[in-house]
Amino acid sequence: MEENLVIVESPAKAKTIEKFLGNNYLVKSSFGHIRDLDKKDFGVDLNNRYEPNYIVSEDKKKVVADLKKIAKTAKTVWIASDEDREGEAIAWHLMEVLKLDPKTTKRIVFHEITKDAIQHAIEHPRRLNKALVDAQQARRILDRLVGFEISPVLWKKVKPSLSAGRVQSVAVRLIVEREREITNTDTVPFFRVNALFIVPEKSGKSTILKAECSERFAKEEDANLFLQKCSKAEFVIGDIVTKPAKKSPAPPFTTSTLQQEASRKMGFPVSLTMSVAQRLYESGRITYMRTDSVNLSQTALNGAKKKILETYGDRYVKIRHYKTNSKGAQEAHEAIRPTDFFQEEIEGTSQEQKLYSLIWKRTLASQMADAEIERTNVTINISTAAERFLATGEVLKFDGFLGVYLESSDEENLTDEEKGLLPPLKVHQRLDVESILAQQRFTQKPPRYTEASLVKKLEELGIGRPSTYAPTITTIQQRDYVVKEDRQGTERQYVQMLLKSGNIKREEKTEIIGTEKAKLFPTDIGLVVNDFLTKHFEPIVDFNFTASVEKQFDEIAEGNIVWQEMIDEFYLPFHRLIEDALANSERARGERPLGIDPTSGKAVSAKIGRFGPFIQIGETSEEGSEKPVFASLQQGQSIETITLEQALRLFDLPREVGDFEEKKVIIGIGKFGPYVKHDSNFVSLKKGVDDPYTIPLSRAIELILEKREKVSNSLLKTFPEDPEIRVLQGRWGPYIAYKKQNFKLNKGINPEQLTYLTCKEVIDAELKKPKQKKT
DNA sequence: CAGTGAGCGAGCTTCCGCTTGACTT
């Protein structure tokens, strides 16, 4: 029998702590919350002061039973859940469910997992903070009321199985509004002028100095006029100013900043970052990965200092204490940092190594000296014009933290060229010009969100918590409100004028713009749901809603308000919105009239149906008239932006291009892009080569034959016993195909030696397995 | 990798935050 039972939230933490405590301490984990509101009947009694009905979920029953058993025999139970609102609630639920005696139960907290911190905690137990628990209950119940009252309205008025919530609905709103901002922003053209000057050096060689004109020109004529002036001008250096500048390191990682940097530097989706970090945490490489704190423990600071001293020297050390400035931070943990600074690299998968290295560098850099820079600005006067040319050079005087780590930024600044060392220059020095280029540029549209930049925005608004950023991003994609995709750019024409040897040469050029990679786009259903919510539930999807209820939760935690009163104040007006929406709203289908079809004279409109967005020509209601015709929208198209012309084009496909071997050849566009269908076989059209609207029969046949040859080449084996069983060569090796189903072969099997019996066994074994869940 | 887009109605869907595996590909 153990004298002492310590309960923490995470099993990895339990393992570490057990090492610090003596033999008579048993450390167990609750695996987070042990119970939650019942999903049946709301889990909240609206007729009885919002009395919550908590139940222990199926997957927690074993944990609870286990803890109960040990707690019964322990002399003292120490509840060491986190020191924040959720942690305090976990402590309270534990007391309730395990029926712990307050006399033999102690509540302790620590922010860092070191022997001293834990010893100190044991020596300073405190009482359960019921006000803080109540703040959590209010948070929990409010979220339940919002989610479980609005979602059913959506099922009725938009589509079944949809969802709304305090966090997810705002996340979707951000993406929808950004998309509309992008559609509504006009890009304004202007001309930017860059000059290349020749600077002779003592050695006789010369170097090129690049400088940008202080003015940008709105019109081509103005830019041209400026170039004409320059063709007859003298260029003289008017001013050289040298100023010291400093760069400081970024603070240590929190969950949100780790997700951002892993996305920017390595292209990780936020969920990947979290699962890799989880493995690093479980193997003891890093501290806890779900945190909003930038704080480092004294142990960590000592370790970082020692490592920096040893590797870089005294001048590079600068111990810093960072303060969090994110809204609603609860700081129950340390920042994310390596547990051992002398472990510069680790073994593991390449993802683990990369993420660890990122954490190691960022943490170490945070305790290093500023980088010192000398920035030089040179002004070059033009004898024939009032404008000037400006050149900037940067010299790194002392690298400081830069030797280890530099934070990346979301907005890639295309105009910011590598600034380097300037050639030696003097005031009043005359410069010869090599060439001057006036290029048409365009103002930029706002950028689309990536998963990580959306997390950043949510954190700024104080919406969501470290443990929910990644799941929220997944949810809004699963609900089909948002898609993460790549989009091809479009061509744009621009003008450039080059002044060289007294002549101006004008050229029209093209560039590709708007190429997107792994960006978040709203879907039509996302747009419709968002508009419905902003129309009927504006207070809930308001960007400040979370911040304002958080203030009230704080009041509850301070003991200034009773939680039921706060919920009452929220719920009464909220529930009126629900009733109003149910009674007074139309079914939302996102309908948008596009115009009149010139061939039939009927109205064309876009709307959402049971199977997604589609175009309809003609009306359903007209009696005796012909039935309307329908066509689904393609990937990347949206009800909101599709034109009449694009919509009518959708009806051109699928089209028959002729017969081949007495069977129809049909061209269409499916889930995976344009295809040729023949004899119920499909062949994809070649991207960038074949156009589904114009492809001729001859080319389609070519593709069919090509595919046929490929298939016959991939056929490894058949059996006379059952011709439906075929062994094929696939992308990842040989596999068995049988009745439209594929069966995996174990690695290392030689397909040549496969027999009919072994194939049959593989198939039967697979078919016997329980059927996979529908997603 | 179709073509669908009506209506009836049983029974289901749904929230946020705290934690890990157990699943399949």
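Residue numbers begin at 1 in each chain, while the letters A, B, ... track the order of the sequences.
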Going by modelled atom types, is there a donor-acceptor pair between the base of [N] and the side chain of [X] at under 3.5 Å?
X	N	answer
Ser163(A)	dT14(B)	no
Arg140(A)	dC15(B)	yes
Arg139(A)	dC16(B)	yes
Ser30(A)	dT19(B)	no

Discussion item. Taking 4.0 Å as the cut-off, does a side-chain nitrogen or oxygen of Arg587(A) come that near to OP1 or OP2 on dG5(B)?
Written reply: no

Is any side-chain nitrogen or oxygen of Arg290(A) closer than 4.0 Å to OP1 or OP2 of dT19(B)?
yes

Is the NZ or CZ atom of Arg166(A) positioned over Phe545(A)'s six-membered ring, under 6.0 angstrom from the centre and within 45° of the axis? no

Notebook entry, point to check: Is the cationic atom of Arg479(A) (NZ for Lys, CZ for Arg) positioned less than 6.0 Å from the six-membered ring centroid of Tyr481(A) and within 45 degrees of its normal?
Noted result: no

Determine the contact category for Ala12(A): base if any of its heavy atoms lies under 4.0 Å from a base atom, sugar-phosphate if only primed atoms, P, OP1 or OP2 are that close, otherwise nothing. nothing

Side chain to side chain donor-acceptor pair (under 3.5 Å) test vs His333(A) passes for just one of Thr254(A), Thr255(A), Asp82(A), namely Asp82(A)

Result for side chain to side chain donor-acceptor pair (under 3.5 Å) between Glu550(A) and one of Arg139(A), Arg85(A), Lys327(A) points to Arg85(A)

What nucleotide among [options] has an atom nearest to a side-chain atom of [X]?
X	options	value
Ser10(A)	dT19(B), dT4(B), dT13(B)	dT19(B)
Met289(A)	dG5(B), dC16(B), dT20(B)	dT20(B)
Glu282(A)	dC18(B), dC15(B), dT20(B)	dT20(B)
Thr468(A)	dT14(B), dC15(B), dC16(B)	dC16(B)
Tyr281(A)	dT19(B), dG5(B), dT20(B)	dT20(B)

- Could you label the plane-to-plane angle of the Tyr50(A) and Trp563(A) rings as parallel, tilted or perpendicular, counting under 30° as parallel and over 60° as perpendicular? tilted

Please report, rounded to the nearest Å, how far the [atom2] atom of [N] is from the [atom1] atom of [X].
X	N	atom1	atom2	result
Gln168(A)	dT14(B)	CD	C1'	8 Å
Tyr288(A)	dT19(B)	OH	P	3 Å
Phe611(A)	dG3(B)	CZ	C1'	8 Å

